[in-house]
Structure formats: C-alpha cells, structure tokens
Amino acid sequence: MEEKPGTISWILGNMPFVAIIEGGFLVLFGIATYLYSGQSSFTALIPSIFGLGILIPGYVAYYNSEMSKHAMHVTAMFALLGVLGSLDSILGFLDGNYSLANISKGILLIICGEYMYFCILSFRAARIKREQEALKQ
C-alpha cells in the first residue's frame, strides 16, 4: 500500500513557496493595519517589513536553486526576529490589552512562529537527507 504524502511533508518540500505566501500575507496585513489605523502610525507597517524579509528571499529561493539554501536561511532569520520582536504581545493579552497594535504583534508572532517551526523541521529534514545520502556512498 502506497503512503500518501501529508500536508506537513508538502509544506517541508515547498518552503520557498510557503515563504512567498506567508511573506505576502504579512505585507498585505501590515498595509491593511496601516490603512485601518487611519494612516496615523508607520509602526503599523512593521509586519510588512518582516513580510518583505520573508517574501523576497523566498522568491529568490523559488526561482534560483543555487541560492535556495542561503535565501531560506535569511527567511528563517526574519521569522526569528519577528517572533522575538512580538513576544511581548503575550503579556499584553494577559493584561487585557486588545489594542490594534497588540493584535497586530500577536498575529506577527503567530505567523512568524509557525513559519519558524516549519523552517526548523525543513532544515532538520535536509540534514537527515544529506546524512543518509553520505552513508549510501
């Protein structure tokens, strides 16, 4: 019986595409937050900055296989910075702060955290694959 590939294995095999999707979402989310806030604060565009940091290298990795490894490490770095920069939103939610800024940071935390999780799984799977190929030789 042939085993069907699952959603996780599809994601891990298509990380550059996932980077484009999630980076694009963060860019659009940042713009929407900026417009919803009445264009009063440029800090509402912070998710867009992290989104571009994931989107552009993801695009490079998708279309240039020689640069894929380096570009995907750049996306992981931006995701990590997004997680670290938005961790304080948890404390805000625990204190009852449901402002637009805190909700925006919370969404940035969720998206970057989820992407970072898949990056770690993907890097681990690539390392295991390299080790298995080295043993075959």
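Count residues from 1 along the sequence. In this text, all values refer to a predicted model and were calculated from it rather than measured experimentally.
- Both L94 and L87 are members of a single hydrophobic cluster when ILVMFWY side chains are connected at heavy-atom separations under 4.5 Å.
- Contact check for V83 versus Y115: no side-chain heavy atoms found under the 4.5 Å cut-off.
- Here the side chains of V18 and W10 are in contact, with some heavy-atom distance below 4.5 Å.
- Tracing side-chain contacts under 4.5 Å through hydrophobic residues (I, L, V, M, F, W, Y), one never reaches I49 starting from I110; they form parts of separate clusters.
- Within a 6.0 Å sphere centred on OH of Y36, other residues, nucleotides and ligands contribute 12 heavy atoms or fewer.
- A pairwise comparison of heavy atoms in V74 and P57 identifies CG1-CG, 3.6 Å as the closest pair.
- Between H73 and F123, the ring-plane angle classifies as parallel under the 30° and 60° cut-offs.
- The minimum heavy-atom distance between M116 and L80, with the atom names listed, is SD-N, 3.7 Å.
- The two residues I20 and L55 make their nearest non-hydrogen contact at O-CD1, 3.3 Å.
- Considering only heavy atoms from C-beta on, F17 comes within 4.5 Å of I21 through its side chain.
- A single hydrophobic cluster is seen to contain both Y117 and F78, as judged by linkage of ILVMFWY side chains at heavy-atom distances under 4.5 Å, directly or through other members.
- Each of L109 and I107 belongs to its own hydrophobic cluster when Ile, Leu, Val, Met, Phe, Trp and Tyr are linked at side-chain heavy-atom distances under 4.5 angstrom.
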Checklist entry - Hey, mind stepping through E131 and L135 against side chain to side chain contact (heavy atoms under 4.5 Å, CB included) and telling me if it holds? => result CA-CA 6 Å; E131 290 173 355; L135 289 175; 5.6 Å; no
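- To the nearest 0.5 angstrom, S37 atom OG is 10.0 Å from F42 atom CZ.
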Item to check | Steps toward side chain to side chain contact (heavy atoms under 4.5 Å, CB included) verdict (C112, L26) | outcome: CA-CA 9 Å; C112 286; L26 285 174; 4.1 Å; yes
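- No more than 12 heavy atoms of other residues, nucleotides or ligands shown are found within 6.0 angstrom of CD on E66.
- Note: M77 CE to C119 SG = 11.5 Å, rounded to the nearest 0.5 Å.
- Hydrophobic clustering keeps Y34 apart from L28 (ILVMFWY residues linked when any side-chain heavy atoms are closer than 4.5 Å, directly or through intermediates).
- For S122 (side chain) and F118 (main-chain N/O), no donor-acceptor pair under 3.5 Å exists by modelled atom type.
- N14 pairs by the side-chain hydrogen bond (donor to acceptor under 3.5 Å, both in side chains) definition with nothing, not counting sequence neighbours.
- Residues N102 and D88 share a closest heavy-atom pair of OD1-O, 4.4 Å.
- Residues F50 and G82 approach most closely at CE2-N, 3.4 Å, considering heavy atoms.
- The aromatic rings of F25 and F29 sit parallel to each other, their planes meeting at less than 30°, with 60° as the upper class boundary.
- Atoms CD1 and OG, on I46 and S41 in that order, are 7.5 Å from each other to the nearest 0.5 Å.
- Across all non-hydrogen atoms, the minimal contact from K105 to G85 is CD-O, 4.5 Å.
- Without hydrogens or angle criteria, T75 side chain to M72 main chain gives a donor-acceptor distance under 3.5 Å.
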